[in-house]
Amino acid sequence: MKVLVSGGAGYIGSHTVVQLAEAGHEPVIVDNFSNSKPTVIDRVEQIIGHHVTWYRADLTDRAVTERIFLRERPDAVIHFAGFKAVGESVAEPLKYYENNLNTTFSLIHGMQASGCRLFAFSSSATVYGMAPLPFTEEETDLSALSPYGYTKLAGERILTDIAAATDIRVALLRYFNPVGAHPSGLIGENPLGIPNNLMPAIANVATGRQDMLHVFGNDYPTPDGTCVRDYLHVVDLADAHIAAVEWLSEHDVATRIWNLGTGRGTSVLELVHAFERACGHKLPVEFAPRRPGDRDAYWASAERARDELGWVAKRSVDDMCADTWHCQQGNPDGFPNGEPASQPSQA
Ligand code: NAD
Ligand code: UDP
């Protein structure tokens, strides 16, 4: 299949492009590099060993998006493009609603203009809000705790309605906590900036960019008192997208939801200790007050993805830490600035 990957230069998108190419599909990257470096294209091409088609375009621009669809005529879309920082979404909600929703609308218009019928959407476990565990795909009591979360809830709803009214088939993919990097060390989470999430913060402490890891809360009702999440390796997550798009191509459904996680919880301190094994030294840790809005513990119910997609997350927490560390060491100053060697396609 030819698969248009929106946000294909980003963290999860770049890994998905690599896995798509390695599975024999043809990825087409569309990205405006608002949160990624164009040189990621070089890295992707280095891993897969050949040129990848890419466009520099803002997917909120419907006319440009439609032109790309008419030129490429993809069989499927995987939609990663969007903003994802929870705190920033509270401060700048309009920016989040506009970008995360308008990219979705443009892509649907592009699909309708070109006859593309398969759509995979990056959703998040955040839509489970305060629902009770286990988080299963049948849960109806969904909610959001931030404008970012509402863009995911709204995206799910909008796509469900569109799928019901058209011949477009939609996969709603609810990610738990993606971490790690490609084992080559060539792509990973952009290691620059002040991270909000745990794994990049741990990595910053390991490299010395941050002198101390602040652990938000050690009095939760969990085995060691710190919060528990379901971390999954980004390469496993990338593979799940391929399984989902292939499944959609074979099943006449409007919408299907899958949780993407390991089904296992890991505490903040367990992740710290796994990272210490990967980097070979102790990491300075200080307990800090709870972070507002944090739930104590949750993980995926991962059975549906296993049973229907034949997908299970294979890589361990130690793999996630080792690959993150490898990528950090190879890119101590982040990914290089500048333009990729290969030329973009013109919309
Ligand atoms: P990312 O920021 O690394 O990647 C997103 C990419 O989209 C970036 O390359 C950015 O430049 C691009 N982009 C943003 N707006 C665009 C626009 N208008 N036009 C074209 N390109 C645009 O983020 P990521 O971690 O790879 O996340 C991908 C998706 O998965 C996002 O939708 C995010 O909300 C969702 N998600 C991520 C996580 C996570 O922990 N990383 C968890 C759940 C869901
Ligand atoms: N966390 C922490 N210190 C940090 C960043 C995160 O203790 O510097 C904790 C956070 O409170 C949460 C867990 O790590 O309990 C995972 O946080 P992250 O933001 O990565 O994921 P989310 O909570 O959004 O699932």
Side-chain angles (χ1 to χ4, degrees), residues 5-16 29-38 40-41 55-61 64-65 68 78-87 89 95-96 98-104 106-107 120-128 145-146 148-149 151-152 155 173-179 187-190 193-205 210 212-218 220 222 226-232 234 237-238 241 260-261 266-269 271-272 285-299:
V5 185
S6 91
Y11 173 44
I12 307 170
S14 58
H15 291 82
T16 302
I29 295 174
V30 186
D31 206 300
N32 65 355
F33 306 106
S34 55
N35 196 38
S36 52
K37 298 267 183 82
V40 167
I41 305 286
Y55 290 82
R56 182 194 301 269
D58 186 339
L59 287 162
T60 62
D61 185 329
V64 168
T65 307
I68 295 173
I78 304 180
H79 179 25
F80 296 106
F83 297 140
K84 61 170 182 176
V86 173
S89 81
K95 174 177 164 178
Y96 273 68
E98 277 189 338
N99 197 47
N100 292 8
L101 295 181
N102 285 336
T103 49
T104 306
S106 298
L107 289 167
F121 178 62
S122 291
S123 189
S124 165
T126 195
V127 300
Y128 288 110
L145 302 171
S146 68
Y148 167 72
T151 69
K152 295 300 171 191
L173 304 177
R174 294 182 179 156
Y175 312 159
F176 281 67
N177 289 57
V179 297
I187 54 174
E189 199 161 11
N190 189 351
I194 302 159
N196 300 307
N197 299 111
L198 180 60
M199 184 63 112
I202 292 176
N204 268 358
V205 175
Q210 198 172 312
M212 178 76 71
L213 181 76
H214 296 283
V215 173
F216 303 139
N218 63 341
Y220 285 101
T222 60
T226 65
C227 284
V228 168
R229 296 287 182 273
D230 185 344
Y231 299 95
L232 83 155
V234 64
L237 178 60
H241 289 76
L260 299 177
T266 301
S267 75
V268 173
L269 288 180
L271 194 65
V272 170
V285 162
E286 191 173 77
F287 293 117
R290 290 180 175 196
R291 188 173 67 176
D294 268 345
R295 281 192 63 162
D296 53 356
Y298 60 83
W299 50 86

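This one's a predicted model, so the numbers in the text were calculated from it and none came from an experiment. When a ligand or atom number is given, it counts from 1 through the structure's own listing order.
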- What about N177: any of its N or O atoms under 3.5 Å from an N or O on ligand 2? yes
- Region of F33 engaging ligand 1 - heavy atom pairs below 4.0 Å: backbone
- Message: Can you report which non-hydrogen protein atom sits closest to atom 22 (C) of ligand 1, along with the distance?
- Response: N32 OD1, 3.0 Å
- Task: Return yes when Y220 approaches ligand 2 closer than 4.0 angstrom through a heavy atom, no otherwise.
- Result: no
- Query: Among protein heavy atoms, which lies nearest atom 15 (N) of ligand 1, and at what distance?
  - Reply: N99 ND2, 3.0 Å
- Query: Is there side-chain contact between S267 and V228, with heavy atoms separated by less than 4.5 Å?
  - Reply: yes
- Task: Please confirm whether Y298 comes under 4.0 Å of ligand 2, counting heavy atoms of the residue only.
- Result: yes
- If you measure every N/O of C227 against every N/O of ligand 2, is any gap under 3.5 Å? no
- Query: What protein heavy atom sits nearest atom 3 (N) of ligand 2, and how far away is it?
  - Reply: H214 O, 2.7 Å
- Query: Of all the non-hydrogen atoms in the protein, which one sits nearest to atom 4 (O) of ligand 1, and at what distance?
  - Reply: G10 CA, 3.4 Å
- Task: Run down the list F80, Y96, F176 and name the one with the heavy atom closest to atom 29 (C) of ligand 1.
- Result: F80
- Name the closest protein heavy atom to atom 20 (O) of ligand 2, giving the residue it belongs to and the distance to 0.1 Å. L198 N, 2.8 Å
- Message: Quick test of your reading of the structure: of K84, R56, H15, whose heavy atom lies closest to atom 24 (P) of ligand 1?
- Response: K84
